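These figures come from a predicted structure and were not determined experimentally. Throughout, protein chains are lettered first and strands after them, A, B, ... in sequence-line order, and every chain is numbered starting at 1.
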Amino acid sequence: MLEPTPISSMNNETVIKVDNLTAAYGDFVVMENVSFEVNQGEVFVILGGSGCGKSTLLKHLIGLKDPAQGTILILDDDMGAASTEERNAILRRIGVMYQSSALFGSMSLIENVILPMEEFTNLPMEAMDIIARLKLSLVGLTGFEHHLPAELSGGMQKRAAIARAMALDPSILFLDEPSAGLDPVTSAGLDQLILSLRDSLGITFVIVTHELDSIYTIADRVIMLDRRAKTIIAQGAPKVLRDTSDNPWVRQFFQREPE
Amino acid sequence: MPKNPLTEPVANLRLDPSPRGLDIFLSGRLDSHGVALVWDQATKAARDARHEVSIDLSGVDYLDGAGAALLTRLALHARENQARFTMQGLAPDFQAMVDMYDMDALDADSERKDECSGLITGTGRLAAETWSNMRDLVAFVGEASYALFSALLHPGRVRWKDVITTCEKAGFNALPIIALMGFLIGLIMAFQSAIPLQRFGADIYVADFLGIALSRELGPLITAILLTGRSGSAFAAEIGTMKVNEEVNALITMGLNPVRFLAVPRVLGAVLVTPVLTVFFNLFALVGGALVIRSFGYPVTTYLAHVQNSTHTGDVLGGLFKAMVFAVLVAGIGCQRGLNTAKGASAVGESTTSSVVSGLVLITVSDGIMAVIFYALGI
Ligand SMILES: Nc1ncnc2c1ncn2[C@@H]1O[C@H](COP(=O)(O)OP(=O)(O)OP(=O)(O)O)[C@@H](O)[C@H]1O
Ligand SMILES: [Mg+2]
């Protein structure tokens, strides 16, 4: 790796290990033979053209969908084989932001952020209220605590969804296209937020994104999926891939050339 | 709660009040478990502290958002009491994370919005809502009538494919439940009324009673109630979801009128199928009645003759007319509630409920009005 590795990922503790994964909807195989590892404190980016299965892969990682074949270890636990209790314990330690923010429409932003805390901690209401405010201020939504999601712009909803995903101070955050629909300034601010969360809290990030600028800024490592090959076609540091990959599809992606 | 406090490190709190202020020593894991244990004690002490609050954090070996919230709360209490607030000994990594949180954000609007509003505000809000609801309803009735009449004048512009879909969903698919309800209600009514009438030897008059009651009242009424539950609610939910997903806005920007595009086919479809459903209902109710009469020992032909004698064409046609009026009201209110849906997932539920409730009210009220009109006209 040419990029300087951040201190927190020096210990190279593996938090996600995917082994020979086959993902399928019924008979329709989305990807096969996918194996990779994500280390503690890493910003790991999943790339690939539209429809290549990035969201599907994410669904497998967070246990919403079981692998057709292969195993996935999250924080040393096999989601597929885990009991409901074990599964919940893992789910408590990860946060997810869905491609379509998925905020609860009938609750205000602060209630959205408080909900997981209410369910999983013994904190007094006052404490949860403050934590929720701090998380919302972290994503720049101070003053919108009592708005309903529907009263916000798309980008604000995205940020609120990140705040909710962070409510329980997860060790791994999964973000599906966090910067889609954000202006460049906000999007750059989001990149900074991700990096500072990683540096100060040691949170591991698994991010699906298409934003090339943001990939160069934040990603320690990327994997690239492909719809035709149905598997990983490249992995490594983004700048290295851009400069040295001899796979035409990978180059095309980084050079933004049309097919 | 950690299961084993001896092996799982939790937060520890030591308070050291002195004349010049309060010293707080926090150590251990300041995560949500640990903070939940010490929150009440620590914040209470800080609330009462004067002059100076100093926190020693050198024993903290983990801190996350919950810990940061605790420190924020303590700092705010100190600020409220105009006490000096100092914090020392926090490991640089954790200090960086505490610094990331913007404590001033809390000052801006620390009050939670008062959720349970007073009686007066509540009444006012309800009145305003009712008023704007009524206005929307009147506007919809106007728009829908215009759209329906222009649909009748230019039948080519109606989306017949959608009308047929509605006929299938609201009509054909409803046949089993209509048949079942009809049969059972006919059976029950005949049985319940035959028993007292039998004492006078008048049990065959159940046939007359059934014929009139079904064709004039029960047939259209129960069909309409079923239509409300099955289809009015479905229209509201369908159109409401489209509204929430901004599909309705997409129609408008394409220059398509949502009332013409969404409401008219549904109302037309409902009006077309409801008379058929009513006839179907009545037939099955009569079959149910026939079963009872038969078991009382009368031949079916006698039963049919009584039904035929008592029920006039006017009764049947009047009943079918009523059914069509109900259909317009139920389908119309379903579409209107759908188009009026606010944003958010719960809004769709609210519109659906409201479509059913308003549908039932409209059916009952219009039934009463039509009863008076029919009486005056001598039908
Ligand atoms: N629920 C589903 N049932 C069947 N097939 C699905 C389902 N969801 C996705 N697919 C298929 O799986 C493939 C991968 O979809 P996925 O949503 O993972 O793509 P993606 O890489 O996230 O695309 P995008 O960048 O557009 O979000 C697509 O071919 C899609 O048609
Ligand atoms: Mg996707």
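- With a 6.0 Å cutoff to the six-membered ring centre and a 45° limit on the axis angle, Arg164(A) counts as a cation-pi contact of Phe104(A).
- For the pair Arg29(B) and Tyr62(B), the cation sits on the ring face: its NZ or CZ lies under 6.0 Å from the ring centre, inside 45° of the axis.
- Side chains of Leu136(A) and Leu138(A) form no contact here, defined as non-hydrogen atoms less than 4.5 Å apart.
- For Thr121(A), the part lying near chain B is the side chain, with the backbone staying farther off; criterion is any non-hydrogen pair under 4.5 Å.
- In this structure, chain B has heavy atoms under 4.5 Å from both the backbone and the side chain of Ile131(A).
- Side-chain contact between Phe44(A) and Ile218(A): absent, with no pair of heavy atoms (C-beta onward) separated by less than 4.5 Å.
- At a 4.5 Å heavy-atom cutoff, the contact between Asp40(B) and chain A is made by side-chain atoms alone.
- Residue Pro149(A) does not touch chain B at all, counting heavy-atom pairs closer than 4.5 Å.
- Chosen from Ala167(A), Ser196(A), Pro124(A), the residue pairing most often with chain B at heavy-atom distances under 4.5 Å is Pro124(A).
- Ion pair Glu126(A)/Lys44(B) not flagged as a salt bridge, since none of the NZ, NE, NH1 or NH2 atoms sits closer than 4.0 Å to an Asp/Glu carboxylate oxygen.
- Using a 4.5 Å cut-off between heavy atoms, Glu151(A) does not touch chain B at all.
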